[in-house]
Each structure stands twice: as C-alpha cells, then as structure tokens.
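The structure appears right after this line, and notes come after that.
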Amino acid sequence: MRWPAEAIWEAVAPLLPGFTVEVLPEVDSTSTELMRRARAGQAEPVLLVAERQTAGRGRLGRAWQSAPGDSLTFSLGLPLAPADWAGLSLAVGASVAESLHPQVRLKWPNDLWVEGRKLGGILIETASFGEGAGARYAVIGIGLNLAPRTAEGLSTPPAALRDLWPQADAPAALARLFPALVRDLQAFEQAGFRAFHARFDARDLLRDRAVTLSDGTAGTAHGVGEDGSLLVHTAAGLQAVASSEVSVRPAAP
Ligand code: BTN
C-alpha cells in the first residue's frame with residue numbers, strides 16, 4: 001500500500017515539532033505499541049499506522065478486529081496539557097466525523113456511526129510523562145471500517161466508509177482526516193471541550209433517543225453537558241452520565 005507519509009509529515013511537522021510518521025506492515029496494536037514506547041520514555045509526537053493488527057483493542061477491554069486493506073488502524077501519540085481533559089474523546093470524534101462525511105454521526109462517548117451501524121471507534125489512553133506541569137502523553141487510537149465485513153461476534157453490525165465514499169482506501173482516509181485532527185487536538189488543548197460542544201451536538205446520534213444505561217436505568221438522551229457528560233432524562237430527573245455503556249433502545253415501530 002502507498003501511504004501519504006511525506007504529505008502528512010509536511011502538513012503536521014510545522015504544528016508538532018519532532019513529529020514522525022511510521023507505517024508498520026504488522027503490529028499487535030498501534031495503541032499498545034505507543035503506550036509501551038511511552039512507558040519506555042518516548043515523549044515525541046508520532047503517528048503509527050499499521051496495515052495489520054494482530055491484537056487490536058477497543059474500549060472496555062474489547063477486541064478490535066480489522067482486515068488489512070479493509071480498514072484503517074492508527075494511533076497518534078503526543079504530549080498534551082489541556083487544563084481539563086473532559087470531553088477529549090468527543091472532540092476527537094467530532095473532528096474525524098467532520099473530515100470523513102456529512103452523514104457520519106457520533107454515538108456518545110466516541111463511536112462513529114452511519115445509518116444505525118458502527119463505522120469506527122476511538123480509544124484514548126494516557127501515560128504520565130516528565131515532571132509535573134500537567135502534561136501527559138496521550139495515545140489516540142482510531143479504527144475505521146472501509147469495506148463491509150461480517151457482523152459475527154460483534155455487538156453492533158459494522159458500517160463501511162465505502163458505502164459513503166466508494167473510492168475510499170486507508171491511505172486516502174488517513175490523509176483526509178489526520179491534519180485536521182492534529183489542529184483540533186491543539187484547539188482542545190487551548191480551549192477544552194467548549195470549542196467542540198456545538199460540533200458534537202450537530203452530529204449527536206443519541207439526542208432525543210430512548211437509551212438504557214449500563215446499570216439498567218432507562219431514559220431519553222438530551223445532549224451533552226459542558227464537560228462532555230451525557231445528559232439523560234430519567235424517572236429520577238436529569239442525570240449527567242460521565243462514563244458508561246449506553247445502549248439505544250430500538251424506536252417503537
Ligand atoms: C472502540 O470502538 O472500542 C475503540 C476501537 C479503537 C480501535 C483502534 S485501531 C487503532 C488503535 N489500536 C488499537 O488496538 N485500537 C485502536
């Protein structure tokens with residue numbers, strides 16, 4: 001596969017001094033690899049792309065499955081020092097969705113969905129880094145399905161980017177979304193989730209939908225708060241949910 005490593009480097013290096021791009025034919029997981037490097041002292045910004053992951057990870061300890069050629073899997077590692085980390089995954093989701101296609105919606109907290117199916121996911125982890133000053137090394141892992149694949153063993157059947165953008169391949173999708181993602185991360189570092197609230201709202205898939213929280217509480221989603229928490233109308237009043245699995249109940253026929 002031909003990757004636009006040079007073009008990406010030229011667009012991003014002026015924003016992120018010391019930035020490098022690395023493409024591996026195979027790795028266990030781009031996020032696992034960058035977290036390993038961070039623990040070993042890596043502090044520079046790096047984009048790590050894998051053509052194949054043998055142990056891709058999703059949120060909540062789940063596996064992330066992808067097939068070479070049919071998916072884009074990469075992680076960006078960089079030092080970040082926002083005053084408040086709340087809402088980072090929502091900001092990343094808004095950035096990626098906007099770059100990809102007007103029909104890509106966001107399922108709180110950080111899934112990319114198209115027409116009721118999951119297109120991609122975001123996994124954010126951080127490692128401590130240096131002394132004090134509030135900076136941490138953030139590893140932002142993104143997986144996108146490009147071609148339709150089997151729903152076997154998945155809780156949600158996947159969507160495919162090629163349904164929206166027939167010529168999409170992994171290098172083209174990366175080139176389209178990555179420079180904007182870096183600019184948005186820098187905007188988040190400066191201004192926090194405030195800069196992304198309206199952008200998230202515009203693509204919020206759950207708004208006004210009946211949802212069930214992981215503790216079984218039922219309610220209706222009512223957008224997100226200033227800190228990126230999900231607001232849910234429940235029998236007990238409006239609840240702000242900081243982190244949970246939220247399932248969407250099918251709409252009544
Ligand atoms: C989720 O939906 O639960 C998040 C999925 C994140 C998958 C990406 S693929 C690149 C990076 N490496 C991983 O092992 N996971 C993330």
Side-chain angles (χ1 to χ4, degrees), residues 1 3 8 21-39 42 45-78 88-97 99-100 104-114 116-127 137-147 149 151 153-161 168-171 173-178 181-182 185 200 203 205-206 214 228 230 243-248:
M1 229 180 289
W3 291 91
I8 288 179
V21 180
E22 212 179 311
V23 180
L24 296 177
E26 182 175 304
V27 70
D28 52 354
S29 144
T30 53
S31 288
T32 304
E33 172 63 16
L34 288 189
M35 289 298 284
R36 268 194 299 262
R37 293 185 192 178
R39 283 191 287 268
Q42 157 117 29
V46 54
L47 163 61
L48 182 64
V49 183
E51 294 186 342
R52 178 197 298 271
Q53 290 192 130
T54 54
R57 294 186 290 113
R59 289 177 60 243
L60 308 168
R62 296 192 183 122
W64 179 262
Q65 286 158 10
S66 54
D70 286 352
S71 63
L72 169 64
T73 49
F74 70 93
S75 299
L76 165 65
L78 81 173
L88 174 59
S89 69
L90 284 66
V92 170
S95 176
V96 173
S99 292
L100 289 178
V104 179
R105 314 283 304 280
L106 295 165
K107 177 171 175 281
W108 185 92
N110 50 4
D111 281 357
L112 301 152
W113 277 47
V114 177
R117 293 176 301 143
K118 182 162 168 170
L119 175 71
I122 297 163
L123 175 70
I124 299 184
E125 296 164 308
T126 67
Y137 193 79
V139 174
I140 296 161
I142 300 182
L144 288 179
N145 305 318
L146 301 179
R149 66 188 165 95
L154 296 175
S155 53
T156 315
L161 189 58
D169 61 14
L174 182 68
R176 189 186 278 203
L177 68 83
F178 192 77
L181 174 62
V182 172
L185 285 167
F200 185 89
R203 287 170 185 266
L205 176 89
L206 293 183
S214 41
L230 181 70
S243 145
S244 164
E245 268 303 87
V246 174
S247 56
V248 194

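Here, residue 1 is the first one in the sequence, and each next residue gets the next number. We use all heavy atoms of the structure for the numbers below, so side chains are in, but hydrogens, waters and symmetry mates are not. Each ligand, and each atom within it, is numbered from 1 in the order the structure gives.
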What short N/O contacts, under 3.5 Å, does ligand 1 make with the protein, listed by atom pair and distance?
{"unit_1": "ligand 1", "atom_1": "2 (O)", "unit_2": "Lys118", "atom_2": "NZ", "d": "2.6"}
{"unit_1": "ligand 1", "atom_1": "3 (O)", "unit_2": "Arg59", "atom_2": "N", "d": "2.6"}
{"unit_1": "ligand 1", "atom_1": "12 (N)", "unit_2": "Thr30", "atom_2": "OG1", "d": "3.1"}
{"unit_1": "ligand 1", "atom_1": "12 (N)", "unit_2": "Gln53", "atom_2": "OE1", "d": "2.9"}
{"unit_1": "ligand 1", "atom_1": "14 (O)", "unit_2": "Ser29", "atom_2": "OG", "d": "2.7"}
{"unit_1": "ligand 1", "atom_1": "14 (O)", "unit_2": "Arg57", "atom_2": "N", "d": "2.7"}
{"unit_1": "ligand 1", "atom_1": "15 (N)", "unit_2": "Arg57", "atom_2": "O", "d": "2.7"}

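- Judged by distance alone, with hydrogens and angles left aside, the side-chain atoms of Trp108 form a donor-acceptor pair with the main-chain N or O of Gly228 at under 3.5 Å.
- When all heavy atoms of Ala50 and Thr73 are compared, the pair lying nearest together is O-OG1, 2.8 Å.
- Taking the side chain as every heavy atom from C-beta outward, Leu76 and Phe178 approach each other to under 4.5 Å.
- Put simply, the side chain of Thr30 does not reach to within 4.5 Å of the side chain of Val139, judged on heavy atoms.
- When all heavy atoms of Leu100 and Arg176 are compared, the pair lying nearest together is O-NH1, 2.9 Å.
- Rounding to the nearest 0.5 Å places CG of Leu146 at 6.0 Å from CG of Leu72.
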